[in-house]
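Data block below; observations after.
Chain A is the first sequence line, chain B the second, and so forth, proteins listed ahead of strands; every chain is numbered from 1.
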There are 2 protein chains.
Amino acid sequence: MALNESKTSADRFQQMLDKLKSLDFRITPQRLAVLRILAASEDHPSAEQIFEKVRIEFPTTSLATIYKTIVLLKGLNEVLELGFPDGCNRYDGNRPFPHPHVICTGCGKIMDAELKSLDGLKEEIHKKTGFRIQHHRLDFFGLCQECQETM
Amino acid sequence: MALNESKTSADRFQQMLDKLKSLDFRITPQRLAVLRILAASEDHPSAEQIFEKVRIEFPTTSLATIYKTIVLLKGLNEVLELGFPDGCNRYDGNRPFPHPHVICTGCGKIMDAELKSLDGLKEEIHKKTGFRIQHHRLDFFGLCQECQETM
DNA sequence: TCTTTATGGATAATAGTTATCTTTTAGTAA
DNA sequence: TTACTAAAAGATAACTATTATCCATAAAGA
């Protein structure tokens, strides 16, 4: 399997769990729930959406706990944060590395995308600006096929 | 001159002013000040930074006026908003169309960049996802040359 | 079972932006 | 120049996702 290829939900869950264990973070039911949801989600959930899902199993969970877990996972590079200026950040626990996204301006859907030539762009930017590039963010905004038909 | 090539500050100012006039928006001293600052800035100022500059000339100006002017210009596609999730949005009045940026993670500097192959990427994304792409956002994060030397 | 201390829960605080409301003024016509 | 009117300015309250704070709880190891 290629490095960047998607793994099964169970694989990602185990991977994140192993990371937490290896660094001696405590394994709590709330953290396990967040891990499971992140590993299983293909739709880039928001903190609020994760919160609602966790609450089904653990109704006393606080939103602060969701945020604290996300901050932890971000620091361990186990979740990718897609920050948006309107204050609705979204999270990707399956591919926790920079990659292009396609965002529907009609329904808000966010999909992963792949582009071969991105490494070339990074090199081009480095040569032009002298910057030592660390990471990037690439979003395409437009109408998905469904929204094209209804608009 | 190529379409996307940068124009002089005076050209951009006149262009924005003409747009406002042609649509019968009122030409106020505050708006003129914001236009001048946006047209002259190469460093992608924040609303607060624009506010401070306007206040030198018009000390009674309100921050709300800055935001209202920015919203107006955004709607007329005369300024590009670079929204960031930490709530420090930046504005580009010189190239009010999507284009790549290089952002220094050391000093926060934001520079424009150019990439030939972006249109190709848009086409590639369209073919893969079926999305009708409207606009995009591409940021590269890394260390600028100065920050590389001091870190 | 006991102890320690990281973590959870509840909620206050933060900050950029937007909304609201009143006052002022740009643009126009007499 | 003056008067009129609607748009814009100014002041400030409201909004909201996220972060910080603080105390209670429970995970992990002995």
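Tyr67(B) places its OH atom 15 Å from the C1' atom of dT12(D), with the value rounded to the nearest Å. Between the C1' atom of dA8(D) and the CZ atom of Arg31(B) lies a distance of 6 Å, rounded to the nearest Å. Between Ile70(A) atom CD1 and dA20(D) atom P there is a gap of 14 Å when expressed in whole angstrom units. Distance CG (Leu20(A)) to P (dA28(D)): 11 Å, rounded to an integer number of Å. Separating the NZ atom of Lys21(A) from the C1' atom of dG29(D) is a distance of 15 Å, rounded to the nearest angstrom. Regarding Leu32(B), its CG atom lies at a distance of 13 Å from the C1' atom of dA8(D), rounded to whole Å. In this entry the distance linking CG of Asp86(A) with P of dT16(D) reads 12 Å, nearest Å. Taking atom CD of residue Gln30(A) and atom P of nucleotide dA26(D), one finds them 9 Å apart after rounding to whole Å.
Counting non-hydrogen atoms under 4.0 angstrom, Ser46(A) reaches nothing in the nucleic acid. Contacts of Pro29(B) with the nucleic acid, taken as non-hydrogen atoms under 4.0 Å apart, involve only primed sugar atoms and P, OP1 or OP2. Nucleic acid contact class of Asp24(A) (heavy atoms, under 4.0 Å, all strands): none.
At dT18(D), one or more side-chain N or O atoms of Asn89(A) fall inside 4.0 Å of OP1 or OP2 (strictly under the cut-off). Remark: Ser62(B) is not in phosphate contact with dA9(D), judged by side-chain N or O atoms under 4.0 Å from OP1 or OP2.
Arg95(B) has no carboxylate O lying under 4.0 Å from a charged side-chain N of Glu114(B), or vice versa, which leaves the two without a salt bridge.
A 4.0 Å heavy-atom criterion places the boundary nucleotides of DNA chain C facing chain A at dT5(C) to dT11(C), written 5' to 3'.
Figure legend: cation-pi geometry between Arg31(A) and Phe58(A) absent, as NZ or CZ is not positioned both under 6.0 Å from the six-membered ring centre and within 45° of its axis.
Judged by closest nucleotide on DNA chain C, Ala64(A) is the one of Ala64(A) and Glu48(B) placed further toward the 5' end. Annotation: of the two residues near DNA chain C, Thr28(B) and Lys68(B), the 5′-most nearest-nucleotide partner is Lys68(B).
Between the side chain of Arg137(A) and the main chain of Leu82(A), no donor-acceptor pair closer than 3.5 Å is present. In this structure, the side chain of Asn89(B) engages the main chain of Phe84(B) through a donor-acceptor pair within 3.5 Å. Listed for the Thr8(A) side chain is a donor-acceptor partner under 3.5 Å among the backbone atoms of Asp11(A).
With hydrogens and angles ignored, a donor-acceptor pair closer than 3.5 Å exists between the side chain of Arg26(B) and the base of dA7(D).
No single ILVMFWY cluster, assembled from side-chain heavy atoms under 4.5 Å apart, contains both Val71(A) and Ile27(A).
The list of ring-ring contact (aromatic ring centres under 6.0 Å, His included) pairs with a residue in residues 15-52 of chain A, not counting sequence neighbours, reads His44(A)-His101(A).
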